[in-house]
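Submitted below is the structure of interest, expressed as structure tokens.
Note on naming: letters A, B, ... go to the chains in the order of the sequence lines (proteins, then strands), and numbering restarts at 1 for each one. Because the structure is predicted, anything quoted here is derived from the model rather than measured. Values reported hereafter were calculated over all heavy atoms of this structure, with side chains retained and with hydrogens, waters and symmetry mates removed.
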Protein chains: 2
Amino acid sequence: MYSSANVSERQAQAPSLAISTVIFALRTDPGTGRSEIWLPLVRRIRQPHLGKWALPGGPLGGRESLQDAAARNLRETTKLEPTYLEQLYAFGGLDRSATQRLVSIVYWALVRPEQADLARESENVRWFRASDAAGLAFDHDEIVAYALERLRGKIEYGSVAYHFLGARFTLAQLRGVYEAVLGRHLDPANFRRQLRSARDIAATDEVLQGGRNRPPRLYTYTGPDQEAPSPGPAPRLPAEGQSAGPPS
Amino acid sequence: MYSSANVSERQAQAPSLAISTVIFALRTDPGTGRSEIWLPLVRRIRQPHLGKWALPGGPLGGRESLQDAAARNLRETTKLEPTYLEQLYAFGGLDRSATQRLVSIVYWALVRPEQADLARESENVRWFRASDAAGLAFDHDEIVAYALERLRGKIEYGSVAYHFLGARFTLAQLRGVYEAVLGRHLDPANFRRQLRSARDIAATDEVLQGGRNRPPRLYTYTGPDQEAPSPGPAPRLPAEGQSAGPPS
DNA sequence: CCAAAAGTGTTTGGATTACACCCATGG
DNA sequence: CCATGGGTGTAATCCAAACACTTTTGG
């Protein structure tokens, strides 16, 4: 048994551990019709950084895995059910929080548009365009930037793009996902071919009616739910500098 | 202030946090002359898994970043100075340790051959061929496998290969690194060209004397010490299953 | 001179790019 | 019938693999 002083000394030394999640969804700009990346943030209701926007997160329970903790917390704070969830990075710089030593294991998630529309905003949850998410609490600006970088990397090799969309989608919608994430225009003809070979999608016999032009065919994703084993190059090093905090 | 019961309850709930490192070095097989991947392991001197071999690791100090903790611990347990150090993954499955809830933030490191030779084995530190590292404590088998996967991925895009070698090296030595990591033969002619374009190496005006054949030119690495910013595809998902531990 | 690795040149096939062209629909 | 995006075809280009060939050393 420890004395009370001994215990509080140990607690001061032992960094506290939290799980946070960067959640991405796509929204279509009503004006241009282009897809854009959005993410939900929660308002800080206590110090430090009271009132600022921050990533949803919370402590790690004793009876749940890291991924379970991320999923649970994400559900509790934003009411969202992700279709994709993956660990991003563990942030543990000394200067992350002014009031305590804090280690955050951060996940990133994708949710479908229905979810994003359904989860309406409340006083303490608001959606932001990814490009507008600045001035966040703690080091969350940099965490979001790193998550976007990972998303870009992963969409080129892996099959995460489908997790932004529903069960049936047109190739134009899928291309919209790629264009939003990569930030550049893609040739429709070549895009089609690149997917037909190697990517796991299948054409249905349905088409999407109601548009102004020729009705596009609908496709479905046939791959595994949470990503197949797949080597492929590694992510950019999120250097903690020599002894500092988050990715640069 | 908490009561003693309250405190121990909290400690039971709060998972403890440790930092471990997978250290890779290259050794040349005296027989075949081929390079092979080796790693140092430490013997467990307490329960659980007493006597088994495990990754070097220890608790996270309150006044050091995650990366500093990894570097310090690596130095203390194996006397090695890494030339490369990067975070691998945070492992936090429920069944990782029988005696306590344990979250490990794992790093991976590369050291030069001199270091690996210098750091002679002791009673509680021994080097193993990567392919022979099985039956380790905890989930360290899987962690080593995942680190190897990351190494493979990173060597193809990034410039980590140089961190296995000294300041001056021949292209044959460098090719040996790639062949050891990727596990397949590479065409010397094509290998040369791939490096000359884009990779950051420069030829010196020296050659390596003493071989049986034509003396090869020596090259130096001109890139940044700890890796340049570089997007590139993302790593394989180390799925924790739906709620379980380490990568599958 | 021979073996073997260092180093250069050339050919080839596959993948990516750019873009011309036809198809189907709403207005 | 025209504008627009859906969808197909094709030539130009780039890149990586395969391999022939020359160079330079030790024995």
Side-chain angles (χ1 to χ4, degrees), chain A residues 28-35 152 155-157 161 165 168-180 182-220 230-233, chain B residues 28-29 31-35 152-153 155-158 161 165 168-199 201-220 231-233:
Chain A
T28 307
D29 182 297
T32 67
R34 269 206 273 277
S35 295
R152 275 190 286 272
I155 208 173
E156 296 197 270
Y157 175 87
L165 300 171
R168 288 161 196 284
F169 49 86
T170 69
L171 288 187
Q173 289 169 339
L174 185 59
R175 181 162 48 86
V177 175
Y178 278 82
E179 291 183 338
L182 299 177
R184 67 166 187 270
H185 172 77
L186 298 176
D187 184 300
N190 295 329
F191 181 77
R192 168 182 312 273
R193 262 184 297 264
Q194 284 172 346
L195 291 185
R196 302 280 279 211
S197 69
R199 303 290 200 216
D200 14 41
I201 65 172
T204 69
D205 48 3
E206 303 170 71
V207 294
L208 179 63
Q209 301 288 0
R212 288 183 264 313
N213 311 313
R214 170 173 171 176
R217 183 170 296 277
L218 288 168
Y219 293 80
T220 59
S230 52
Chain B
T28 307
D29 183 296
T32 67
R34 269 207 272 276
S35 295
R152 274 190 287 272
I155 208 174
E156 296 197 272
Y157 175 86
L165 300 171
R168 289 162 196 284
F169 49 86
T170 69
L171 289 187
Q173 289 169 341
L174 185 59
R175 183 162 47 87
V177 175
Y178 277 81
E179 291 183 337
V181 171
L182 300 178
R184 66 165 188 270
H185 173 77
L186 297 175
D187 184 297
N190 295 331
F191 182 77
R192 169 183 309 274
R193 259 184 298 264
Q194 285 172 345
L195 291 185
R196 302 280 281 213
S197 69
R199 304 289 200 216
I201 66 172
T204 69
D205 49 3
E206 302 168 71
V207 293
L208 180 63
Q209 302 287 1
R212 290 185 263 313
N213 311 312
R214 170 172 172 177
R217 184 170 296 276
L218 288 167
Y219 292 79
T220 59

Side chain proximity check, A/Arg196 to A/Tyr219, heavy atoms < 4.5 angstrom: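 Yes - at least one pair of side-chain heavy atoms lies under 4.5 Å apart.
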DNA chain C: 5'-proximal contact among A/Asn190 and A/Arg212 (nearest heavy atom):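 It is A/Asn190 whose nearest nucleotide is closer to the 5' end.
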From the set C/dT8, C/dG7, C/dC19, return the single nucleotide nearest to any side-chain atom of A/Arg193.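 Comparing C/dT8, C/dG7, C/dC19 against the side chain of A/Arg193, the answer is C/dC19.
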Specify the separation, in whole Å, of atom CZ of B/Arg175 and atom P of C/dG7.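 Whole-Å distance recorded here is 11 Å.
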So which one's nearest nucleotide on DNA chain C is more toward 5', B/Arg217 or A/Pro215?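 Going by which nucleotide is closer to the 5' end, it is B/Arg217.
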Is A/Leu218 close to A/Thr170 at the side-chain level, that is, under 4.5 Å between some pair of heavy atoms?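 Heavy-atom side-chain distance check passes, below 4.5 Å.
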Would you check if the side chain of B/Gln209 reaches a backbone N or O of B/Pro215 as a donor-acceptor pair within less than 3.5 Å?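 Flag not set: sc B/Gln209 to bb B/Pro215 has no pair under 3.5 Å.
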Counting heavy atoms from C-beta on, name the nucleotide in D/dG6, C/dA6, C/dA4 closest to the side chain of A/Ala172.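 Side chain of A/Ala172 sits closest to D/dG6.
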Spacing between A/Arg196 atom CZ and D/dG9 atom P, to the nearest angstrom: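 Taking CZ of A/Arg196 and P of D/dG9, I get 11 Å after rounding.
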I want to check one thing: is the phosphate of D/dA17, taken as OP1 and OP2, less than 4.0 Å away from some side-chain N or O of B/Gln194?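 Indeed, a polar side-chain atom of B/Gln194 lies that close.
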Considering all heavy atoms of both residues, which atom of B/Arg217 and which atom of B/Asp205 are nearest to each other, and what is their separation?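 What the structure gives for the nearest pair is NH1-CA, 3.7 Å.
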Give the rounded distance in Å between these two atoms: CD of A/Glu206 and C1' of D/dG6.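 Distance, rounded to whole Å: 17 Å.
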Expressed as a whole number of angstroms, how long is the span from A/His185:NE2 to C/dC19:C1'?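 It is 12 Å, rounded to the nearest whole Å.
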Any side-chain heavy-atom pair of B/Glu156 and B/Leu182 under 4.5 Å: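 B/Glu156 reaches B/Leu182 side chain to side chain.
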For DNA chain D, whose closest nucleotide is more 5', that of B/Arg214 or that of B/Gly210?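 Of the two residues, B/Arg214 wins.
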Quick one: A/Leu218 CG to D/dG7 C1', roughly how many Å, whole number?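 Rounding to the nearest Å, CG of A/Leu218 and C1' of D/dG7 are 15 Å apart.
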B/Arg192 side-chain proximity, nearest of C/dA5, C/dT8, D/dG6: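 Nearest to the side chain of B/Arg192 among the choices is C/dT8.
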Does a side-chain N or O of B/Gln209 approach OP1 or OP2 of D/dT25 to a distance below 4.0 Å, or not?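 For B/Gln209, the contact criterion (side-chain N or O under 4.0 Å from OP1 or OP2 of D/dT25) is not met.
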Can you tell me how far P of C/dA15 sits from CD of A/Glu156, to the nearest Å?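 From A/Glu156 CD to C/dA15 P: 18 Å.
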Please give, in whole Å, the distance from C/dG7 C1' to B/Asn213 CG?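 Distance, rounded to whole Å: 13 Å.
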Quick one: B/Asp187 CG to C/dT11 C1', roughly how many Å, whole number?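 Result: 14 Å.
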